[in-house]
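Below: one structure, written as C-alpha cells.
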Amino acid sequence: MTDPLAFATRLARETGQLLLHYYQSADTQTQLKSDHTLLTEADLAADRYITAALQQQFPDDHILSEENQTTYLGHTTWVVDPLDGTSNFSLGIHYWGVSLARIVNGWPELAALYFPVLDELYTARRGYGAAWNGKTIRADAMPHPRPVSFFTCDSRLFQHYQVEVPYKARILGSAAYNFCAVARGISTIGFETVPRLWDIAASWLVLKEAGGAIQFYAKELFPLQSGTDYKPIPFPILGAENQEMLNHAQGWITSKNHFIHKE
C-alpha cells in the first residue's frame, strides 16, 4: 500500500518542477479571477497535474482545490493549493510553492509543501512531528532571547490592525511559507489576515507538529464542516513559535476598526 505522505512528498516535488518550467518562461499567461486575485496558466497546469495524480493513486479520496472544487464533501479529502504565492511567481520573486494536505475526519492528517526555487520541502504527519528537507524541526526549541528575529505577515495586516510587535516585519507573499518559516524558527510570529483553507491547511499542520502555537481569529477552521464552500470564507490566523510567544503576540496585534472579532 502506498504511504500517502511519501506520495504527497513526491507529488509536491514533481509539481514544483513543472511550475519551474513556467517560472522560467517569459510568456506565461496571467489573468484576474473574480475575487481580483491573480491566476496564471501555471496554476491551472499544476492543478490538473495534481488532480490527475491523486485520482489515479487515491480514487476514493475527494479533492478540494483553490482552482476547482472548493466545497468540503466530508470523508478523506486532499486540500490542494497548486501554487501558493502566485503574485510572487508572476513577478519572479522566489517565495512560492506547492501545498498539499490530506484531511481525515475534518482534520489535517499529513502535509507536504515544496518551494522549488528555494529547494525547501516541509512535511508533517499528525502526531509524528514535522520536518524540513528531511530534518526534524522544533519551533519551540529556539533559544531566548534571540539576537535576530522578525515576524511574517501579509500586506493587509497594517490596514486593519494596530501592530506593536517588537520585531521587524517581513511580507514574504506566501501564507504557506509564512507559517513554515515560524515552524523552522526563521520567524518568531506569523499573521495572515484573510487566508483561505488551501493557503494554510498544510502549513498549519507543519507548525502544530513543530510545537508551535496557533490562534484563529473570528472562527476556528478545524474540523472542517461537510457541505461548506470554503472559497468565500477567510480565516485570520496568528501563529507563534510557542504558547508564551502567542500570548504576547495577541496583545501586540489588535483590531483597529472591528474588522475581525475573536470569539
Side-chain angles (χ1 to χ4, degrees), residues 81 84-85 94-95 97 99 101 107-115 118-158 161-195 197 199-218 220-222 235-255 260 262:
D81 192 343
D84 185 73
H94 293 353
Y95 293 99
S99 176
W107 293 90
E109 176 192 66
L110 59 85
L113 304 99
Y114 183 56
F115 302 90
L118 306 174
D119 194 24
E120 292 186 11
L121 173 72
Y122 294 86
T123 56
R125 193 191 301 270
R126 191 177 184 188
Y128 290 89
W132 164 66
N133 287 349
K135 300 176 181 178
T136 299
I137 50 176
R138 293 294 305 180
D140 57 353
M142 298 302 295
H144 292 281
R146 289 209 226 168
V148 178
S149 190
F150 61 86
F151 81 97
T152 55
C153 59
D154 63 14
S155 59
R156 300 176 184 86
L157 174 64
F158 299 95
Y161 290 84
Q162 182 67 37
V163 180
E164 298 178 356
V165 176
Y167 304 111
K168 293 180 179 180
R170 293 289 184 270
I171 300 174
L172 301 179
S174 166
Y177 193 81
N178 277 357
F179 292 111
C180 287
V182 178
R184 188 178 153 200
I186 300 172
S187 172
T188 299
I189 303 164
F191 193 97
E192 287 289 325
T193 308
V194 290
L197 165 63
D199 296 317
I200 54 176
S203 57
W204 177 91
L205 184 61
V206 170
L207 180 52
K208 291 286 284 187
E209 288 298 318
I214 299 172
Q215 170 69 57
F216 282 105
Y217 283 56
E220 292 291 326
L221 175 53
F222 302 112
F235 290 91
I237 180 175
L238 172 67
E241 59 189 8
N242 55 44
Q243 187 61 49
E244 180 182 3
M245 185 58 67
L246 183 74
N247 294 341
H248 288 309
Q250 288 173 328
W252 294 334
I253 302 174
T254 56
S255 175
I260 296 291
K262 284 197 300 181

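Keep in mind that the numbers below use all heavy atoms, side chains included, and drop hydrogens, waters and symmetry copies. Source: prediction; values computed, not measured.
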Check your understanding: Should the ring pair F222 and W204 be called parallel, tilted or perpendicular, given that the plane angle runs from 0 to 90° and is split at 30 and 60?
Key ->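 Aromatic pair F222/W204 classed tilted.
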Where do [X] and [Y] come nearest, in terms of heavy atoms and distance?
| X | Y | answer |
| --- | --- | --- |
| A213 | L207 | O-CD2, 4.3 Å |
| C180 | V206 | SG-CG1, 4.5 Å |
| C153 | L157 | CB-CD2, 3.5 Å |
| G190 | V182 | N-CG2, 3.7 Å |

How about [atom1] on [X], more than 12 heavy atoms from neighbouring residues, nucleotides or ligands closer than 6.0 Å, or not?
| X | atom1 | answer |
| --- | --- | --- |
| Y95 | OH | no |
| Q243 | CD | yes |
| F158 | CZ | yes |

Side-chain heavy-atom pair [X], [Y] within 4.5 angstrom cut-off:
| X | Y | result |
| --- | --- | --- |
| I200 | I237 | yes |
| M245 | T188 | yes |
| L246 | L238 | yes |
| L118 | Y177 | yes |
| V165 | I253 | yes |
| K208 | R126 | no |

**Study point:** Salt-bridge contact R156-E192 (side-chain N to carboxylate O under 4.0 Å)
**Key:**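 Result for this pair is no, no salt bridge flagged.
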Review point. Given the side-chain rings of F151 and W252, with only the six-membered ring counted for Trp, is the space between their centroids under 6.0 Å?
Key: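 Aromatic pair excluded; centres sit 6.0 Å or further apart.
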Exercise for review: Measure from the ring center of Y122 to the ring center of Y114 and say whether it is less than 6.0 Å.
Suggested key: no
**Study point:** Evaluation steps, side-chain contact (heavy atoms from CB on, under 4.5 Å), between Y217 and S255
**Key:** CA-CA 11 Å; Y217 283 56; S255 175; over 6 Å; no
Please check this pair: side chain of [X] against backbone of [Y], looking for a donor-acceptor N/O pair closer than 3.5 Å.
| X | Y | answer |
| --- | --- | --- |
| N178 | I171 | no |
| E209 | G129 | yes |
| S187 | F150 | yes |
| D154 | T193 | yes |

Point to revise | Worked verdict on K135 versus R184 for side-chain contact (heavy atoms from CB on, under 4.5 Å) | key: CA-CA 10 Å; K135 300 176 181 178; R184 188 178 153 200; over 6 Å; no
Check your understanding: With F179, which residues qualify under ring-ring contact (aromatic ring centres under 6.0 Å, His included), at least two apart?
Key -> none
**Study point:** Set of residues satisfying side chain to side chain contact (heavy atoms under 4.5 Å, CB included) with respect to S99, sequence neighbours excluded
**Key:**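 S99 satisfies side chain to side chain contact (heavy atoms under 4.5 Å, CB included) with D81, L113, A202 once adjacent residues are dropped.
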Point to revise | Listed once per pair and sorted, the salt bridge (charged side-chain N to carboxylate O under 4.0 Å, His left out) pairs that draw on residues 171-182, sequence neighbours left out | key: none
Practice item. Output the distance between atom CZ (R170) and atom CD1 (I186), rounded to the nearest 0.5 Å. Key: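 R170 atom CZ to I186 atom CD1 measures 12.0 Å (nearest 0.5 Å).
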